[in-house]
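For reference, the structure is listed below as C-alpha coordinates.
When reading the values below, keep in mind they use all heavy atoms of this one structure, side chains included, and skip hydrogens, waters and symmetry mates. For this chain, numbers begin at 1 and follow the sequence in order.
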Amino acid sequence: MQRIVIIGTSGSGKSTLGQQLAYCLDYPHIELDSLYWQPNWQGAEKSVFQQRVTQALQAPKWVVDGNYSKVRDVIWKMADTLIWLDYPFWLTFWRVLRRTFKRLTTQEELWGTGNRENWRTTLSKDSIIWWMITTHRKRKAEYPPLLAQPEYAHLDVLHFTSPRQTENWLKGLQLKSSSQEQGS
(Lines give C-alpha, C1' and ligand atoms only; values in the text may rest on other atoms or scores of the structure.)
Protein backbone atom coordinates (compact mmCIF):
# COMPACT_ATOMS: atom_id res chain seq x y z
CA MET A 1 0.00 0.00 0.00
CA GLN A 2 2.14 2.81 -1.34
CA ARG A 3 -0.06 4.72 -3.81
CA ILE A 4 -3.54 5.20 -2.39
CA VAL A 5 -6.56 6.94 -3.88
CA ILE A 6 -9.64 7.77 -1.79
CA ILE A 7 -12.98 8.24 -3.53
CA GLY A 8 -16.54 8.92 -2.41
CA THR A 9 -19.25 11.49 -2.70
CA SER A 10 -18.88 15.03 -1.36
CA GLY A 11 -19.11 14.95 2.42
CA SER A 12 -17.88 11.37 2.79
CA GLY A 13 -14.64 12.46 4.44
CA LYS A 14 -12.14 11.86 1.63
CA SER A 15 -9.85 14.75 2.57
CA THR A 16 -10.04 14.04 6.28
CA LEU A 17 -9.14 10.39 5.76
CA GLY A 18 -6.49 11.40 3.25
CA GLN A 19 -4.81 13.66 5.82
CA GLN A 20 -5.03 11.03 8.56
CA LEU A 21 -3.71 8.26 6.34
CA ALA A 22 -0.87 10.37 4.94
CA TYR A 23 0.14 11.32 8.48
CA CYS A 24 -0.04 7.71 9.71
CA LEU A 25 2.04 6.39 6.81
CA ASP A 26 4.26 9.48 6.45
CA TYR A 27 3.26 9.84 2.78
CA PRO A 28 2.54 13.05 0.88
CA HIS A 29 -1.15 14.00 0.82
CA ILE A 30 -2.51 15.20 -2.52
CA GLU A 31 -5.91 16.85 -2.36
CA LEU A 32 -7.25 17.07 -5.91
CA ASP A 33 -9.41 20.09 -5.05
CA SER A 34 -6.24 22.05 -4.26
CA LEU A 35 -4.83 21.22 -7.71
CA TYR A 36 -8.08 21.99 -9.54
CA TRP A 37 -9.51 25.13 -7.97
CA GLN A 38 -8.07 28.54 -8.78
CA PRO A 39 -9.07 32.02 -7.53
CA ASN A 40 -12.67 33.14 -8.08
CA TRP A 41 -13.85 29.51 -8.10
CA GLN A 42 -12.41 28.96 -11.56
CA GLY A 43 -11.45 25.39 -12.35
CA ALA A 44 -8.11 24.74 -14.00
CA GLU A 45 -8.10 23.91 -17.70
CA LYS A 46 -8.05 20.15 -18.24
CA SER A 47 -4.47 20.13 -19.56
CA VAL A 48 -3.22 22.27 -16.65
CA PHE A 49 -5.04 20.09 -14.12
CA GLN A 50 -3.65 16.90 -15.68
CA GLN A 51 -0.14 18.37 -15.62
CA ARG A 52 -0.46 19.33 -11.95
CA VAL A 53 -1.73 15.87 -11.04
CA THR A 54 0.95 14.09 -13.06
CA GLN A 55 3.64 16.17 -11.37
CA ALA A 56 2.21 15.47 -7.90
CA LEU A 57 2.16 11.73 -8.60
CA GLN A 58 5.91 11.59 -9.27
CA ALA A 59 6.55 10.75 -5.62
CA PRO A 60 6.97 6.99 -5.04
CA LYS A 61 4.34 6.97 -2.27
CA TRP A 62 1.23 9.13 -1.88
CA VAL A 63 -2.35 9.45 -0.71
CA VAL A 64 -4.71 11.16 -3.19
CA ASP A 65 -8.27 12.15 -2.44
CA GLY A 66 -10.88 13.16 -4.97
CA ASN A 67 -13.26 12.07 -7.72
CA TYR A 68 -12.24 14.07 -10.78
CA SER A 69 -13.01 11.98 -13.86
CA LYS A 70 -10.63 14.21 -15.87
CA VAL A 71 -7.68 12.59 -14.11
CA ARG A 72 -9.17 9.31 -12.91
CA ASP A 73 -7.36 7.11 -15.42
CA VAL A 74 -3.97 8.60 -14.60
CA ILE A 75 -4.43 8.21 -10.85
CA TRP A 76 -6.16 4.83 -10.80
CA LYS A 77 -3.60 3.26 -13.15
CA MET A 78 -0.74 4.40 -10.89
CA ALA A 79 -2.48 3.57 -7.60
CA ASP A 80 -2.19 0.20 -5.91
CA THR A 81 -4.97 0.75 -3.36
CA LEU A 82 -8.39 2.39 -3.75
CA ILE A 83 -10.51 3.29 -0.74
CA TRP A 84 -14.18 3.90 -1.49
CA LEU A 85 -16.10 5.77 1.21
CA ASP A 86 -19.63 4.70 0.33
CA TYR A 87 -21.71 6.21 3.11
CA PRO A 88 -25.48 6.70 3.28
CA PHE A 89 -27.05 9.80 1.74
CA TRP A 90 -28.34 11.22 5.03
CA LEU A 91 -24.86 11.09 6.59
CA THR A 92 -23.02 12.74 3.72
CA PHE A 93 -25.81 15.32 3.34
CA TRP A 94 -25.52 16.23 7.03
CA ARG A 95 -21.73 16.46 6.78
CA VAL A 96 -21.88 18.75 3.73
CA LEU A 97 -24.44 20.98 5.44
CA ARG A 98 -22.38 21.18 8.63
CA ARG A 99 -19.12 21.85 6.76
CA THR A 100 -20.69 24.49 4.49
CA PHE A 101 -22.24 26.42 7.37
CA LYS A 102 -18.99 26.22 9.33
CA ARG A 103 -17.11 27.64 6.35
CA LEU A 104 -19.74 30.35 5.89
CA THR A 105 -19.32 31.36 9.53
CA THR A 106 -15.53 31.22 9.72
CA GLN A 107 -14.90 32.45 6.17
CA GLU A 108 -12.13 29.86 5.92
CA GLU A 109 -10.00 30.31 2.79
CA LEU A 110 -9.90 27.17 0.69
CA TRP A 111 -6.74 25.77 -0.94
CA GLY A 112 -4.80 29.05 -0.77
CA THR A 113 -6.92 30.43 -3.62
CA GLY A 114 -8.79 33.18 -1.82
CA ASN A 115 -11.98 31.15 -2.40
CA ARG A 116 -14.49 31.14 0.42
CA GLU A 117 -17.99 29.79 0.80
CA ASN A 118 -20.64 32.51 0.39
CA TRP A 119 -24.39 32.68 0.78
CA ARG A 120 -25.04 33.46 -2.88
CA THR A 121 -23.36 30.26 -4.05
CA THR A 122 -24.64 28.20 -1.12
CA LEU A 123 -28.23 29.01 -2.05
CA SER A 124 -27.74 28.36 -5.77
CA LYS A 125 -27.51 25.34 -8.09
CA ASP A 126 -23.70 25.84 -7.96
CA SER A 127 -23.52 24.92 -4.28
CA ILE A 128 -21.66 21.92 -2.90
CA ILE A 129 -24.92 20.98 -1.18
CA TRP A 130 -26.76 20.75 -4.49
CA TRP A 131 -23.75 18.95 -6.04
CA MET A 132 -23.84 16.32 -3.29
CA ILE A 133 -27.60 15.82 -3.64
CA THR A 134 -27.37 15.34 -7.40
CA THR A 135 -24.25 13.15 -7.48
CA HIS A 136 -24.63 10.83 -4.46
CA ARG A 137 -26.74 8.19 -6.23
CA LYS A 138 -24.76 8.60 -9.46
CA ARG A 139 -21.42 7.89 -7.70
CA LYS A 140 -22.88 4.84 -5.96
CA ALA A 141 -23.92 3.40 -9.34
CA GLU A 142 -20.85 4.56 -11.26
CA TYR A 143 -18.04 3.00 -9.22
CA PRO A 144 -18.81 -0.76 -9.32
CA PRO A 145 -18.69 -0.98 -13.16
CA LEU A 146 -15.59 1.22 -13.25
CA LEU A 147 -13.82 -0.93 -10.68
CA ALA A 148 -14.74 -4.07 -12.64
CA GLN A 149 -12.83 -2.85 -15.71
CA PRO A 150 -9.72 -4.94 -16.46
CA GLU A 151 -7.39 -1.92 -16.36
CA TYR A 152 -8.19 -1.51 -12.66
CA ALA A 153 -7.89 -5.20 -11.68
CA HIS A 154 -4.55 -4.42 -10.00
CA LEU A 155 -6.21 -2.20 -7.38
CA ASP A 156 -6.71 -3.48 -3.86
CA VAL A 157 -10.20 -2.05 -3.24
CA LEU A 158 -11.32 -1.26 0.30
CA HIS A 159 -15.05 -0.49 0.29
CA PHE A 160 -16.26 1.11 3.51
CA THR A 161 -19.99 1.68 4.01
CA SER A 162 -19.83 3.35 7.43
CA PRO A 163 -17.49 5.71 9.25
CA ARG A 164 -17.09 3.04 11.96
CA GLN A 165 -15.69 0.56 9.41
CA THR A 166 -13.27 3.21 8.18
CA GLU A 167 -12.22 4.22 11.71
CA ASN A 168 -11.65 0.59 12.74
CA TRP A 169 -9.54 -0.06 9.67
CA LEU A 170 -7.49 3.12 10.26
CA LYS A 171 -6.96 2.23 13.94
CA GLY A 172 -5.75 -1.22 12.90
CA LEU A 173 -3.36 0.36 10.42
CA GLN A 174 -2.09 2.80 13.06
CA LEU A 175 -1.49 -0.06 15.50
CA LYS A 176 0.35 -2.00 12.82
CA SER A 177 2.48 1.07 11.98
CA SER A 178 3.26 1.64 15.66
CA SER A 179 4.34 -1.94 16.26
CA GLN A 180 6.53 -1.92 13.13
CA GLU A 181 8.22 1.32 14.27
CA GLN A 182 8.86 -0.16 17.73
CA GLY A 183 10.29 -3.32 16.15
CA SER A 184 12.85 -1.37 14.09
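Here Glu167 does not pair with Arg164 in a salt bridge; the nearest charged N to carboxylate O distance is not below 4.0 Å.
Remark: of the listed residues Gln51, Arg52, Gln50, Arg52 is the sole one forming a side chain to side chain contact (heavy atoms under 4.5 Å, CB included) with Leu35.
In this structure, the side chains of Asp65 and Leu32 stay at 4.5 Å or more apart for every pair of heavy atoms. Side-chain contact between Ile4 and Val64 is absent, with no heavy-atom pair separated by less than 4.5 Å. The side-chain heavy atoms of Ile6 and Trp84, taken from C-beta on, include no pair separated by under 4.5 Å. Counting heavy atoms from C-beta outward, Val74 and Lys77 have side chains that stay 4.5 Å or more apart. Side-chain atoms of Leu82 and Asp156, non-hydrogen and from C-beta on, never get closer than 4.5 Å to each other. For the pair Gln19 and Leu17, the minimum side-chain heavy-atom distance is 4.5 Å or more. For the pair Thr113 and Gln38, the minimum side-chain heavy-atom distance is 4.5 Å or more. Side-chain contact check for Leu173 versus Met1: some heavy-atom pair is nearer than 4.5 Å.
The closest donor-acceptor contact from the side chain of Gln107 to the backbone of Glu117 lies under 3.5 Å. Between the side chain of Arg3 and the backbone N or O of Met78 there is at least one donor-acceptor pair closer than 3.5 Å. For the pair Asp86 (side chain) and Phe160 (backbone), a donor-acceptor distance under 3.5 Å is absent. With hydrogens and angles disregarded, a donor-acceptor distance shorter than 3.5 Å links the side chain of Asn67 to the backbone of Gly8. Under the 3.5 Å distance criterion, the side-chain polar atoms of Lys14 are matched with a main-chain donor or acceptor of Thr9. Between the Gln174 side chain and the Gly172 main chain, no donor and acceptor come within less than 3.5 Å of each other. No donor-acceptor pair closer than 3.5 Å links the side chain of Thr135 to the backbone N or O of Lys138. Under a 3.5 Å cut-off, the side chain of His136 and the backbone N or O of Thr92 do not form any donor-acceptor pair. With Ser34 contributing its side chain and Ile30 its backbone, the two residues share no donor-acceptor pair below 3.5 Å.
The OG1 atom of Thr134 sits 12.0 Å away from the CD1 atom of Ile129 when rounded to the nearest 0.5 Å. Lys61 NZ to Tyr27 OH: the interatomic distance, rounded to the nearest 0.5 Å, is 4.5 Å. Annotation: the span from Ile7 atom CD1 to Arg72 atom CZ amounts to 7.5 Å, rounded to 0.5 Å. Note: Thr100 OG1 to Arg103 CZ = 7.0 Å, rounded to the nearest 0.5 Å. For the atom pair CH2 (Trp90) and CZ (Arg95), the distance works out to 9.0 Å, reported to the nearest 0.5 Å. Considering NZ of Lys171 and SG of Cys24, their distance stands at 13.0 Å, rounded to 0.5 Å.
Two different hydrophobic clusters hold Val48 and Tyr36 under the rule that ILVMFWY side chains link at heavy-atom gaps under 4.5 Å. Following chains of ILVMFWY side-chain contacts shorter than 4.5 Å, one can reach Leu146 starting from Val5, so the two form part of one hydrophobic cluster.
What you find for Gly11 and Val96 is that their closest heavy atoms are CA-CG2, 3.5 Å. In this structure, His154 and Ala79 approach most closely via the heavy-atom pair NE2-O, 2.9 Å.
There is a side-chain donor-acceptor pair under 3.5 Å between Gln165 and Thr161.
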Q. Where do Arg99 and Leu97 land on the side-chain contact (heavy atoms from CB on, under 4.5 Å) test, with the steps shown first?
A. CA-CA 6 Å; Arg99 180 181 73 191; Leu97 275 179; over 6 Å; no
Q) What do the steps show when you test Leu21 against Leu170 for side-chain contact (heavy atoms from CB on, under 4.5 Å), and what is the final call? A) CA-CA 7 Å; Leu21 195 51; Leu170 185 59; 4.0 Å; yes
Q) Should Leu155 and Asp80 be marked as a side-chain contact (heavy atoms from CB on, under 4.5 Å) after you check the CA-CA gap, both sets of side-chain angles, and the distance that decides it? A) CA-CA 5 Å; Leu155 289 170; Asp80 56 37; 5.7 Å; no
Q.
For Thr166 and Tyr87: C-alpha separation, side-chain torsions, deciding distance, then whether side chain to side chain donor-acceptor pair (under 3.5 Å) applies.
A. CA-CA 10 Å; Thr166 308; Tyr87 299 160; 2.5 Å; yes
Q: Please assess Lys46 against Val71 for the test side-chain contact (heavy atoms from CB on, under 4.5 Å), listing each intermediate value before the final yes or no.
A: CA-CA 9 Å; Lys46 183 177 180 178; Val71 292; over 6 Å; no
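Residues Trp37 and Trp41 place their aromatic rings such that the two centres sit under 6.0 Å apart.
Ring orientation note: the planes of Trp76 and Tyr152 are nearly perpendicular, at an angle over 60° on the 30°/60° scale.
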